[in-house]
Amino acid sequence: EVQLVDSGGGLVQPGGSLRLSCAASGFSVSNNYMGWVRQTPGKGLEWVSVMYSGGSAYYAESVKGRFTMSRDTAKNAVHLEMNSLRPEDTGVYYCARQQWLVMLGPNGFDYWGQGTLVTVSS
Amino acid sequence: DIHMTQSPSSLSASVGDRVSITCRASQGISDSLAWYQHKPGKAPKLLVYDASRLETGVPSRFSGSGSGADYTLTISSLQPEDFATYYCQHYFSPPYIFGQGTKVEMK
C-alpha cells in the first residue's frame with residue numbers, strides 16, 4: 001500500500017530554519033517524481049517544489065534560494081530544508097507523489113501525506 | 001511561468017445541481033492539467049488528470065474537458081459529499097502552479 005507520512009513541522013521564529021520529512025512506503029521515492037505543496041492561512045494551495053527521479057529539483061519563485069529539496073534513498077524519504085523563514089511561509093505542508101503512467105508520463109499528484117503545520121512567528 | 005486563472009472563486013449550489021468550474025492558463029498547456037478536491041483537515045484528492053482522464057475510484061459524475069489553455073471541471077449531479085474546494089493545477093513545466101480555488105457551498 002502506498003503511504004506518505006509528513007513530519008518536522010513546528011513553531012519557528014522569523015529568519016529561522018526547519019527541516020520537513022516525508023517517509024514513503026509502498027514505492028521508491030528515487031524512481032518517482034516527488035513534490036511539496038503548502039496551504040497558507042486563508043489562501044489556497046501553493047505548489048512549492050518538485051524533485052524528478054533523475055535528481056533535478058525545481059522551486060516556486062517565493063521559496064527559491066531559501067528552500068532545498070533532497071531525498072534519502074536508504075530511508076525512502078524526501079526532505080524539505082527551509083531557511084530564512086518568513087511569516088508568510090506559515091501553513092500546512094504536504095508531501096505528494098506525482099503520478100507516472102506508462103504511455104502517458106507524469107501527471108497529477110496522486111498520493112499525499114497528511115500534512116505538517118509550520119508556524120513562523122515571533 | 002504559466003499562471004492559472006480559475007473561476008468562479010465560490011458558488012452556491014443544491015444537491016442534484018450541475019456545476020462547472022473553469023480554468024484558463026496564460027498559455028497553451030497541451031492538456032497537462034489536473035483537478036483536485038480539497039476538504040478542511042484532509043489532504044487534497046486527485047480527481048482528473050491530463051485534462052479529461054478520471055482518476056481510478058473517482059465517481060463518474062465528475063468529468064474534465066477542454067484544450068489549449070481553457071479547461072472545465074463538471075459535476076453532473078452534485079452530491080452532499082461534493083461540497084469542498086476545487087483546484088486546477090498545470091504540470092506542463094515547473095513551476096506547477098495551482099488555480100486560486102473554487103469553494104462549492106450549499107445553497
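Heavy-atom basis, side chains included; hydrogens, waters and symmetry copies ignored.
- Hydrophobic clustering (ILVMFWY, side-chain heavy atoms < 4.5 Å, transitive): A:Leu20 and A:Leu4 are in one cluster.
- Under the 30°/60° scheme for interplanar angles, the aromatic rings of A:Trp112 and B:Tyr36 are found to stand perpendicular.
- Only the side chain of B:Tyr87 comes within less than 4.5 Å of a heavy atom of chain A; its backbone N, CA, C and O stay farther away.
- B:Ala43 and A:Gly113 make their closest contact through CB-O, 3.4 Å (heavy atoms, listed as atom of the first residue, atom of the second, distance).
- Counting heavy atoms from C-beta outward, B:Pro44 and A:Leu45 have side chains that approach closer than 4.5 Å.
- The cluster map of Ile, Leu, Val, Met, Phe, Trp and Tyr, joined by side-chain heavy atoms under 4.5 Å apart, puts B:Val15 and B:Val19 in the same cluster.
- The cluster map of Ile, Leu, Val, Met, Phe, Trp and Tyr, joined by side-chain heavy atoms under 4.5 Å apart, puts B:Met4 and B:Val104 in the same cluster.
- At most 12 heavy atoms of other shown residues, nucleotides or ligands fall within 6.0 angstrom of atom NZ in A:Lys43.
- Highest contact tally toward chain B, considering only A:Phe109, A:Tyr59, A:Tyr58, is held by A:Phe109 [criterion: heavy-atom pairs under 4.5 Å].
- Contacts between B:Lys103 and chain A at a heavy-atom distance below 4.5 Å are absent for every atom of the residue.
- Open room surrounds CZ on B:Arg24; 12 or fewer heavy atoms of other groups in view lie less than 6.0 Å from it.
- Both A:Met34 and A:Leu80 are members of a single hydrophobic cluster when ILVMFWY side chains are connected at heavy-atom separations under 4.5 Å.
- You'll find the side chain of A:Tyr52 reaches within 4.5 Å of the side chain of B:Pro94, heavy atoms only.
- Only the side chain of B:Ala34 comes within less than 4.5 Å of a heavy atom in chain A; its backbone stays farther off.
- A single hydrophobic cluster is not seen to contain both B:Tyr91 and B:Ile97; linkage of ILVMFWY side chains at heavy-atom distances under 4.5 Å, directly or through other members, places them apart.
- B:Tyr49 has its side chain within reach of A:Leu104: a pair of non-hydrogen atoms, C-beta onward, lies under 4.5 Å apart.
- For A:Val48, no part sits under 4.5 Å from any heavy atom of chain B, backbone or side chain.
- At a threshold of 4.5 Å between non-hydrogen side-chain atoms, the residues A:Val37 and B:Phe98 count as touching.
- Neither the backbone nor the side chain of B:His90 comes within less than 4.5 Å of any heavy atom in chain A.
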